Amino acid sequence: VELENKISDFISHDYYKFFMKFNNEKIPLVKYMGKKVTNNTFVNDKEKDEVFSEMKGSKYAVSKISRRTKTKKQPFPFTTSTLQQTAINTFGWSAKKTMQVAKKLYEGIETDEGNIAFITYMRTDSTRISDEAKSAARDFINKIYGDKYIGSQKEKKVSNKIQDAHEAIRPTYVDKTPETVKKNFSKDEYKLYNLIWTRFIASQMSPSKYDVLKVDISDEKDKFLFQFSVEKVIFDGHEVVYNKNSDEKEFPNLKEGQEIVPDEIISEKDQTKPPARYSEASLVKELESKGIGRPSTFATIISTLLNREYIKKEGREL
């Protein structure tokens, strides 16, 4: 209700964005007259036309090139809340369905070796992992990927809201990889097990590293600053199994002081948007951050609200 009130009170306004097209890149204007460009910078049609005209008539050059190394930390293993959020966002499931499928994986599935529980208890707010499970994961990672892929995962600081009664959600047996046990699962069980298994393995791996190149392009009066950055993977680390970055570009061959002749300067009209309504995923996140409910009740809270028609679901919006 609070969010719905914010949405209805929101007053939208038009604004303009500017881009430089160069070498198949659409490079945004990030600063104007030394100030950061926001959705309140260019709202006046007359001013926009004057600025646009000046921008098109200006000469540009590379004013700065900087390079740095960026480290992307390995993810934490799943808690109930993060498992629900990820399954909702990845598969479009509800929190209720996620917990139903997780419950089957936890309670056990019939296999040639008998009934096997494939994951640990699925109602937990802890990212803690047992020493035995860590050791098994390290052995597995070393065997498949090599020792440079072994990481040391620090547990999240435990706030006083967290009970920490159970471990994080993880596969019971690391060597039961999703592909080797796929034949025992339904389609949904496989999808969720694969998600839990890869996230756990990734959580015990080393961080990934990127080489980041940032390029500033300015006019001769330093009125307009366009900026873009390109990342290249130096070491894939945990991304070799989880959330692999597939959008990799080559570094452009540019030097500081080099003249830039834009293919085109573009102006685009946009409109400020009210806050987005909750999805099940963002509502679960909000419930957890405000300390409403427990891991065992997130799915029930949402399905109760839906069943009683206090809220309704349109697409992914609540």
Side-chain angles (χ1 to χ4, degrees), residues 2-68 70 72 85 89 210-233 243 245-279 281-282 285-286 314-318:
E2 285 167 10
L3 180 57
E4 209 60 33
N5 288 340
K6 277 183 196 165
I7 293 168
S8 62
D9 291 345
F10 185 83
I11 297 163
S12 181
H13 72 261
D14 293 341
Y15 68 99
Y16 294 93
K17 300 185 285 193
F18 296 105
F19 300 91
M20 172 188 290
K21 277 195 97 172
F22 177 70
N23 271 3
N24 297 322
E25 287 284 338
K26 191 178 170 188
I27 306 166
L29 178 76
V30 295
K31 278 189 178 178
Y32 173 60
M33 307 279 278
K35 287 185 180 170
K36 191 180 172 188
V37 171
T38 69
N39 56 23
N40 289 314
T41 307
F42 302 109
V43 293
N44 178 303
D45 280 8
K46 186 169 175 289
E47 187 198 8
K48 168 254 167 187
D49 290 340
E50 287 169 4
V51 169
F52 191 39
S53 175
E54 187 180 353
M55 214 178 272
K56 287 199 286 189
S58 296
K59 286 185 175 177
Y60 297 95
V62 176
S63 52
K64 189 180 174 189
I65 293 178
S66 54
R67 268 178 104 150
R68 66 184 177 91
K70 181 176 95 170
K72 205 169 170 186
Q85 289 170 54
N89 289 330
Y210 287 83
D211 190 4
V212 184
L213 181 84
K214 190 164 81 174
V215 180
D216 289 1
I217 299 171
S218 308
D219 66 307
E220 51 211 340
K221 294 178 187 168
D222 275 343
K223 253 189 168 182
F224 309 115
L225 173 64
F226 294 86
Q227 192 178 76
F228 72 98
S229 60
V230 184
E231 296 182 350
K232 272 174 87 169
V233 178
N243 279 355
N245 182 3
S246 55
D247 182 31
E248 195 166 317
K249 293 174 181 170
E250 283 303 308
F251 280 178
N253 187 17
L254 296 170
K255 294 184 178 73
E256 284 188 7
Q258 182 178 334
E259 190 184 343
I260 298 289
V261 180
D263 303 326
E264 195 183 355
I265 299 285
I266 309 164
S267 104
E268 286 179 7
K269 191 175 189 176
D270 208 340
Q271 205 173 39
T272 54
K273 291 170 185 67
R277 287 194 171 103
Y278 288 115
S279 65
S282 61
K285 191 176 182 181
E286 189 75 353
E314 289 173 0
R316 289 196 179 191
E317 281 190 341
L318 298 173

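Predicted, not measured: the structure shown is a model, and the values here were computed from it. Only this structure's heavy atoms are used, side chains among them; waters, hydrogens and symmetry mates stay out.
- Contact annotation: the side chain of I265 approaches that of F52 to within less than 4.5 Å [non-hydrogen atoms, C-beta and beyond].
- E25 places none of its side-chain heavy atoms less than 4.5 Å from the side chain of F226.
- Environment of NZ in K64: sparse, with no more than 12 heavy atoms of neighbouring residues, nucleotides or ligands closer than 6.0 Å.
- Residues F42 and F18 bring their aromatic ring centres within 6.0 Å.
- The shortest side-chain heavy-atom distance between E250 and K232 falls under the 4.5 Å cut-off.
- No donor-acceptor pair under 3.5 Å is formed between the side chain of R277 and the backbone N or O of L3.
- You'll find the side chain of F10 stays beyond 4.5 Å of the side chain of K273, heavy atoms only.
- Residues K285 and Y278 fail the side-chain proximity criterion, which asks for heavy atoms closer than 4.5 Å.
- Contact between S58 and D219 at its shortest, heavy atoms only, is CB-CB, 4.0 Å.
- Between the side chain of Q258 and the main chain of V62, no donor-acceptor pair closer than 3.5 Å is present.
- Between the CZ atom in R68 and the OG atom in S229 there is a gap of 7.5 Å [rounded to 0.5 Å].
- E268 and K26 are joined by a salt bridge, as a carboxylate oxygen and a charged side-chain nitrogen come within less than 4.0 angstrom of each other.
- Ion pairing between K223 and E54 holds under the 4.0 Å rule for side-chain N and carboxylate O.
- Contact detail for I217 and S63: the closest heavy-atom pair is N-OG, 4.1 Å.
- Considering all non-hydrogen atoms of both residues, V230 and K249 come closest at CG1-O, 3.7 Å.
- D211 CG to K70 NZ: the interatomic distance, rounded to the nearest 0.5 Å, is 11.5 Å.
- In summary, the side chains of H13 and N40 do present a donor paired with an acceptor at a separation below 3.5 Å, with no hydrogens or angles considered.
- By the neighbour-count criterion of 12 heavy atoms within 6.0 Å, atom CG of N5 is densely surrounded, having more than that number from other residues, nucleotides or ligands.
- Here the OH atom belonging to Y15 is positioned 5.0 Å from the CG atom belonging to N39, to the nearest 0.5 angstrom.
- For K36, there are no side-chain contact (heavy atoms from CB on, under 4.5 Å) partners at least two apart in sequence or on another chain.
- In terms of heavy atoms, K269 sits closest to D14 at CE-OD2, 3.3 Å.
- Annotation: side chain of L213 is in contact with side chain of P252 (closest heavy-atom distance under 4.5 Å).
- From K214, atom NZ reaches atom CD1 of I65 across 12.5 Å, with rounding to the nearest 0.5 Å.
- More than 12 heavy-atom neighbours from other residues, nucleotides or ligands sit within 6.0 angstrom of NZ on K48.
- Here the two rings, on F228 and F22, have centers that are 6.0 Å apart or farther.
- The shortest non-hydrogen separation linking N23 to D263 is N-OD2, 3.3 Å.
- Using a cut-off of 4.0 Å between Lys/Arg side-chain N and Asp/Glu carboxylate O, E264 and K56 are scored as not salt-bridged.
- The minimum heavy-atom distance between Q85 and A281, with the atom names listed, is CG-O, 3.3 Å.
- Taking CD1 from I260 and CG from L254, the interatomic distance works out to 5.0 Å, rounded to the nearest 0.5 Å.
- The backbone N or O of L225 sits nowhere less than 3.5 Å from a side-chain atom of S218 that would complete a donor-acceptor pair.
- For the pair K46 and E50, the salt-bridge criterion is met [side-chain N within less than 4.0 Å of a carboxylate O].
- Using a 30° and 60° split on the angle between ring planes, F224 and Y32 fall in the parallel class, below 30°.
- From L29, atom CG reaches atom OG of S267 across 11.5 Å, with rounding to the nearest 0.5 Å.
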